[in-house]
Asks: 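Take this structure first; my questions come after.
Along the sequence shown, residues are numbered consecutively beginning with 1. Predicted model only: the values in this text are computed from it and were never measured.
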Amino acid sequence: MVGREHECDLLRVRLEAAHAGHGQVVLVAGEPGIGKTRLAGEAARMAARLGMPTAWGRAVDDEGSPPFWPFRLVVRALAADSGDPWPELTSTGSALDPASAEVRAQQRFRVFEAVTAHLTAAAENTGLLVVLDDLQWADASSLRLLVHLVRAVGTTRLALVATYRDTEIGHREAVKQALGELAREYTVSRLRLVGLTEEQVAAQLAATTGAPVSAEVVAAVSRRSQGNPFFVGELADALAQDTDGADPARALPDGVRDAVRVRLSTLGECARTVVGTAAVLGSAVDVAGLAHVTGRDREDVLGALDDAAAAGVLRPDRWEFTHDLVREAARSEMPRSIRLDVHRKMAEYLQQRPGAESRPAALAHHWLESLPLGDAEQAALWAARAAHAAMEQCAWDEAAGLFGRAAETTSDPEDRCELHIARATALLRAYRMSAARDTVLEAARLARELVDGPLLARAALVLEGTNDLTWVTEERALCEEALALLPEEDSDLRARLLAQLSVDVLMSAYQSPQDRRASGELSQAAMAMAERLGDRHALHSALNARQLARGGPDGVRERLALGDRLVARGLTDQDSTAQLWGRLWRIDAMMQLGDLDGAEAELGPLGAVVQRLRLPLGTWHESRCRGAIALARGRFDAARFHGEQALTLAKRGDHPGALLPSQGYLAILGVLTGFTDETDSHPLDGWEHIPTLHGMTAVVHWYAGREEEARREYAVATPLDVLPEFLLLPAVTGTIELAEAFGDRKMLDTAYRSLAPWADLFCCGGAGVIATAGSAHGPLGVAAAALGRTDEAVRHLRLAIESNERAGSPPFAAIARYDLARTLARRRRPGDRDEASALATQAAATARTLGMAPLLNRAQELTRALTGHTPGPLTRREREIAALVSQGLTNRQIAAATHISERTAENHVQHILTKLGFTTRAQIAAWAARHR
């Protein structure tokens with residue numbers, strides 16, 4: 001190939017490696033017409049010389065094409081005369097039924113495995129080259145299958161070449177996501193084809209025209225084509241046909257449309273009509289359909305196709321356009337009114353043929369493309385049918401798009417509401433959460449106008465179980481409105497609404513005792529109704545509500561039992577969704593009980609369930625749990641990996657309810673390991689409107705050295721007694737740390753009394769654990785020490801060390817050792833100082849090993865003070881700083897007054913605390929007043 005010698009060499013090496021049993025994948029990118037398909041053809045010739053057969057698949061830019069179309073073509077090509085082995089995807093459940101959706105997810109995974117096994121088996125003896133052309137048009141399901149296949153090729157004799165237009169993937173999120181995932185696979189190589197050099201353009205022109213071309217013409221062609229081989233070829237044909245003696249440069253067409261128009265002009269009227277109609281209808285030519293739409297005999301159509309092939313517009317072997325650019329240019333030659341009429345006639349033709357029900361995607365495409373000329377109700381009907389078929393095949397993105405088109409098209413408001421509910425469900429499964437919310441609200445608006453309680457209830461329940469703090473206000477209003485419209489007798493919708501309303505009341509930013517009672521009563525009512533009905537889905541909803549209603553520390557044992565119950569039901573009913581939630585509840589409860597081993601043992605079964613379901617939201621939950629356990633164990637590299645993975649998923653899904661805890665998790669990780677830079681130290685920016693976050697934000701500011709901001713956030717933090725109960729333990733932990741730092745004795749006393757009943761638990765949330773702060777004895781010890789109850793503090797901190805070590809959490813055992821060391825140093829009984837020194841040294845060693853920079857700095861400072869490496873009396877500068885502290889100045893204000901950096905001021909304050917054996921600025925202020 002002219003100008004592609006390097007690329008051919010790379011392909012040859014990769015094919016030889018695959019033939020030897022080391023599977024290879026080559027991604028070939030470039031603009032239209034750059035030579036991607038031709039290079040793939042060259043790869044096929046190389047494979048043939050090695051004895052490797054080639055199977056081709058191609059994605060098409062037709063909305064009517066079924067999911068997995070490129071792979072269907074590949075599998076059919078390999079099947080030869082033995083029939084099409086493509087596995088069927090069927091389901092007896094409703095497309096909107098969560099259980100049948102789960103079955104379909106399992107079926108899709110079986111399809112992935114079946115196709116992978118089929119291709120690797122076909123490659124086993126002689127090797128196999130699979131070419132997937134025009135990947136930029138592939139449906140989301142095909143792209144997921146491609147990623148699955150690529151991950152399995154490493155030890156096979158399979159080579160895969162995939163081409164795509166990198167100029168046309170900007171708005172195709174599924175393509176970008178798949179390419180990003182493929183980039184991480186070691187078997188994948190990338191080639192990006194660029195335009196030919198002027199010298200190479202000259203060679204191509206000479207080869208096409210049969211004679212050398214002048215430098216002037218070469219320069220003109222190179223400039224106008226930008227070296228694109230397809231354009232060069234088209235322009236070369238125009239040059240070869242130019243016999244009128246005009247200036248060749250002036251005779252050159254401006255683009256491929258002009259080049260294609262020249263080709264089409266050589267055809268007769270019948271051939272031009274047939275080619276234009278075929279271009280409108282799709283990439284593959286349907287002779288019978290063309291005959292019907294054009295009103296011509298099949299013989300005339302075949303003759304026209306022969307003429308088009310002779311003109312180089314179509315390939316004569318399989319009646320396809322020689323290039324998609326040719327098809328696009330030919331299609332653009334047809335006036336819009338004619339294009340609409342062509343689609344209408346094709347839709348009518350397909351609808352009249354036997355087996356029309358088996359072609360919903362094609363019929364939907366043609367009816368929709370015929371609008372506004374065509375029948376809008378037929379378009380809506382077939383779009384909905386195609387969407388349900390896509391749901392059956394777990395092609396949720398495609399289904400969402402079709403449901404949306406159907407909703408836009410139908411004139412019936414009830415149908416439009418149903419379609420919006422269906423679209424919201426598809427968007428939820430595709431993990432496009434903001435779009436799903438917006439669609440729910442639109443469905444609710446329509447149901448409200450219809451005064452239809454069941455429709456409004458179904459809209460309100462689309463997102464049930466996602467338990468999203470950022471959505472509760474809207475969801476609560478919808479549930480209350482729907483309940484008011486439903487009859488008061490038992491029904492599955494009423495039970496599920498009561499359950500969801502219980503959740504929304506519970507997850508409000510502020511809670512009163514009345515709210516807590518109301519939530520509990522609603523969850524109990526939902527449970528009783530679900531059990532009376534014997535409805536499985538209603539019971540799952542009620543169990544979820546009960547689990548959240550018991551999300552406080554007093555409900556941890558009940559939550560563990562609820563998780564056991566749901567897992568057991570899921571195993572009995574073969575319901576992976578039930579198993580997913582049951583496993584998650586068990587992990588939450590075990591983490592709060594300090595049973596890290598039990599929680600970690602759940603990760604294997606959880607991962608298997610997530611793999612079966614193939615739902616992105618399930619993957620996010622798995623990443624969340626793996627990150628929480630890795631953090632508790634001190635495996636901070638793994639913790640960061642899982643945290644960033646969860647954050648990426650949340651951003652990709654545009655899901656605030658997952659984005660907030662993902663960012664919160666990274667904030668906690670930064671507090672433990674240190675923030676690398678100023679940008680990194682603002683993980684919670686953008687969430688200032690969430691009241692329950694002020695406390696955590698204050699902790700982040702404090703650890704980032706922003707004392708003034710920390711004090712400001714601390715001052716407006718949500719009171720502990722109105723926080724959602726499932727947030728109580730982590731909130732109290734952060735409050736104690738800040739109250740000690742700011743000398744807030746009243747808050748320390750309140751926090752201690754709030755936490756004391758749960759001293760034997762670990763400090764983490766009770767519903768959707770993000771991270772643990774270790775044994776509750778740790779913060780209790782810190783609070784007791786700050787309140788001057790040092791003996792009580794020592795007891796708590798010894799128990800904290802023991803509990804954290806028994807659980808296998810070295811980070812929090814080290815923190816407890818440091819806190820015990822500084823408490824003993826302050827108590828100053830015989831032997832306390834020596835023990836404190838040993839504990840501080842141990843804490844520093846663990847912090848250094850694990851990478852806990854903040855703890856390492858504090859422990860080293862304490863060690864130096866206790867071992868005499870830091871001078872005992874305060875220096876002159878330190879006395880000056882102590883006096884400023886006694887005046888109530890913050891570190892930033894001290895820095896400004898003394899012309900030093902804020903960080904240096906903070907270090908001076910820490911040195912003063914260490915030398916004097918203090919823990920609070922209030923103690924420094926009292927000391928300064930005595931020694932003034």
Asks: Given 3.5 Å as the limit, does a donor-acceptor pair link the side chain of S523 with the main chain of A545, or not?
Replies: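 Looks like no, no N/O pair under 3.5 Å.
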Asks: Could you check if a side-chain atom of C764 sits within less than 4.5 angstrom of a side-chain atom of L729, using non-hydrogen atoms only?
Replies: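 No, every pair of side-chain atoms sits at 4.5 Å or beyond.
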Asks: Taking the side chain as everything from C-beta on, heavy atoms only, tell me whether E488 gets closer than 4.5 Å to R494.
Replies: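 A side-chain contact under 4.5 Å exists here.
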Asks: Is the shortest side-chain heavy-atom distance between L755 and L728 below 4.5 Å?
Replies: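 Contact flag for L755/L728 side chains = no.
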Asks: Begin from the C-alpha positions of R626 and E622 and carry the test side chain to side chain contact (heavy atoms under 4.5 Å, CB included) through to its verdict.
Replies: CA-CA 6 Å; R626 290 187 181 278; E622 182 185 2; 2.9 Å; yes
Asks: Could you tell me whether the side chains of E377 and S411 share a donor-acceptor contact shorter than 3.5 Å?
Replies: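 Short answer, yes.
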Asks: So, are R517 and E521 salt-bridged, with charged N and O less than 4.0 Å apart?
Replies: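 Answer for the salt bridge query: no.
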Asks: Does the side chain of E558 come within less than 4.5 Å of R546's, by heavy atoms?
Replies: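 In short, these two side chains touch, coming nearer than 4.5 Å.
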Asks: Taking all non-hydrogen atoms of both residues, which atom of A499 and which atom of A526 are closest, and how far apart?
Replies: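 Looks like N-CB, 3.6 Å.
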Asks: Which atom names give the shortest non-hydrogen contact between G657 and R437, and what distance separates them?
Replies: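 Nearest pair, atom of G657 first, then R437: N-NH2, 4.4 Å.
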Asks: With the side chain counted from C-beta on, respond yes when M696 and I668 share a heavy-atom pair under 4.5 Å apart, and no when they do not.
Replies: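 With C-beta onward as the side chain, the pair touches.
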Asks: Is there a side-chain contact between Q547 and W585 (heavy atoms, below 4.5 Å)?
Replies: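 They are in side-chain contact.
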Asks: Distance from R583 atom CZ to L606 atom CG, nearest 0.5 Å?
Replies: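 R583 CZ to L606 CG: 8.0 Å, rounded to 0.5 Å.
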Asks: Counting distance only, does the side-chain N/O of T409 pair as donor-acceptor with the main-chain N or O of A380 below 3.5 Å?
Replies: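 Answer holds: no.
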Asks: The test is side chain to side chain contact (heavy atoms under 4.5 Å, CB included); show your working for R429 and D397 and say whether it passes.
Replies: CA-CA 9 Å; R429 298 194 173 280; D397 289 286; over 6 Å; no
Asks: Where do D504 and C479 come nearest, in terms of heavy atoms and distance?
Replies: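 D504 and C479 have their closest heavy atoms at OD2-SG, 4.1 Å.
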Asks: Salt bridge or not for R458 and E418, using N-O below 4.0 Å?
Replies: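 Here R458 pairs with E418 in a salt bridge, since their nearest N and O are under 4.0 Å apart.
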Asks: Output yes when R624 and D588 qualify as a salt bridge under the 4.0 Å nitrogen-oxygen rule, no when they do not.
Replies: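 Here R624 pairs with D588 in a salt bridge, since their nearest N and O are under 4.0 Å apart.
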Asks: To the nearest 0.5 Å, what is the distance between CG on L419 and OG1 on T439?
Replies: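 Answer rounded to 0.5 Å: 11.5 Å.
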Asks: Take H537 and D492 through the side chain to side chain contact (heavy atoms under 4.5 Å, CB included) test and state the conclusion after the steps.
Replies: CA-CA 8 Å; H537 299 311; D492 64 321; over 6 Å; no
Asks: Test ring-ring contact (aromatic ring centres under 6.0 Å, His included) on Y714 and H701 and set out the steps.
Replies: CA-CA 10 Å; Y714 175 78; H701 283 315; over 10 Å; no
Asks: Going by atom types alone, do R416 and T410 pair a side-chain donor with an acceptor below 3.5 Å?
Replies: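 Distance-only check fails for R416 and T410.
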Asks: Decide if the gap between the ring center of H642 and the ring center of Y665 is smaller than 6.0 angstrom.
Replies: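 Ring centres of Y665 and H642 not closer than 6.0 Å.
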Asks: Once you round to the nearest 0.5 Å, how far does CG of L543 lie from CZ of R565?
Replies: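 Going from CG on L543 over to CZ on R565, the span is 5.0 Å.
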Asks: What's the shortest heavy-atom distance between A426 and M391, and which atoms?
Replies: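 The answer is CB-SD, 3.7 Å.
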Asks: Nearest 0.5 Å, what's the CG-CG distance between L498 and L522?
Replies: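 With rounding to 0.5 Å, CG (L498) is 6.0 Å from CG (L522).
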Asks: Anything under 3.5 Å between a donor and an acceptor, one on a side chain of residues 445-453, the other on a protein residue two or more places apart or in another chain? List them.
Replies:
residue: R445; atom: NE; partner: E442; partner atom: OE1; Å: 3.1
residue: R445; atom: NE; partner: E442; partner atom: OE2; Å: 3.4
residue: R445; atom: NH1; partner: E449; partner atom: OE2; Å: 2.6
residue: R445; atom: NH2; partner: E442; partner atom: OE2; Å: 2.5
residue: R448; atom: NE; partner: E481; partner atom: OE1; Å: 3.2
residue: R448; atom: NE; partner: E481; partner atom: OE2; Å: 2.7
residue: R448; atom: NH2; partner: E481; partner atom: OE1; Å: 3.3
residue: D452; atom: OD1; partner: L455; partner atom: N; Å: 3.0

Asks: Determine the minimum heavy-atom distance between L738 and A698, stating which atoms define it.
Replies: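 It is CD1-CB, 3.4 Å.
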Asks: To the nearest 0.5 angstrom, please state how far the OG1 atom of T619 sits from the CZ atom of R652.
Replies: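 If I round to the nearest 0.5 Å, the distance is 10.0 Å.
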Asks: Would you indicate whether the side-chain heavy atoms of Q592 and W758 approach each other to under 4.5 Å?
Replies: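 No, too far: nothing below the 4.5 Å cut-off.
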Asks: Which pairs, with at least one residue in residues 409-458 and sequence neighbours excluded, count as a ring pair (Phe, Tyr, Trp, His ring centres under 6.0 Å)?
Replies: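 As it turns out, the ring pair (Phe, Tyr, Trp, His ring centres under 6.0 Å) pairs with a partner in residues 409-458, which skip direct neighbours, are Y431-H655.
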Asks: Going through the distances and angles, do L497 and E480 end up as a side chain to side chain contact (heavy atoms under 4.5 Å, CB included)?
Replies: CA-CA 8 Å; L497 283 171; E480 290 172 340; over 6 Å; no
Asks: Counting C-beta onward and ignoring hydrogens, is there a side-chain heavy-atom pair between D575 and H540 closer than 4.5 Å?
Replies: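 Answer yes - side chains close enough.
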Asks: Between the side chains of Q500 and S541, is a donor N or O closer than 3.5 angstrom to an acceptor N or O?
Replies: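 Note: Q500 and S541 side chains miss the donor-acceptor criterion.
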Asks: State, to 0.1 Å, how close G570 and A578 come at their nearest heavy-atom pair, and which atoms those are.
Replies: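 That would be CA-CB, 3.8 Å.
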Asks: With sequence neighbours left out, what residues match W620 under ring pair (Phe, Tyr, Trp, His ring centres under 6.0 Å)?
Replies: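 Not a single residue meets the ring pair (Phe, Tyr, Trp, His ring centres under 6.0 Å) criterion with W620.
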Asks: Would you find a donor on one side and an acceptor on the other, under 3.5 Å apart, between the side chain of S754 and the backbone of T750?
Replies: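 Indeed, once roles are kept as given, a pair shorter than 3.5 Å links the two residues.
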Asks: Give, for atom CD1 of I587 and atom NE2 of H621, the distance between the pair rounded to the nearest 0.5 Å.
Replies: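 Answer rounded to 0.5 Å: 11.0 Å.
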Asks: For the residue pair T697 and E713, confirm or rule out a side-chain donor-acceptor distance under 3.5 Å.
Replies: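 Side-chain D/A pair, T697 to E713: absent.
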Asks: When you compare the side chains of Q579 and R569, does any donor N or O come within less than 3.5 Å of an acceptor on the partner?
Replies: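 Note: Q579 and R569 side chains miss the donor-acceptor criterion.
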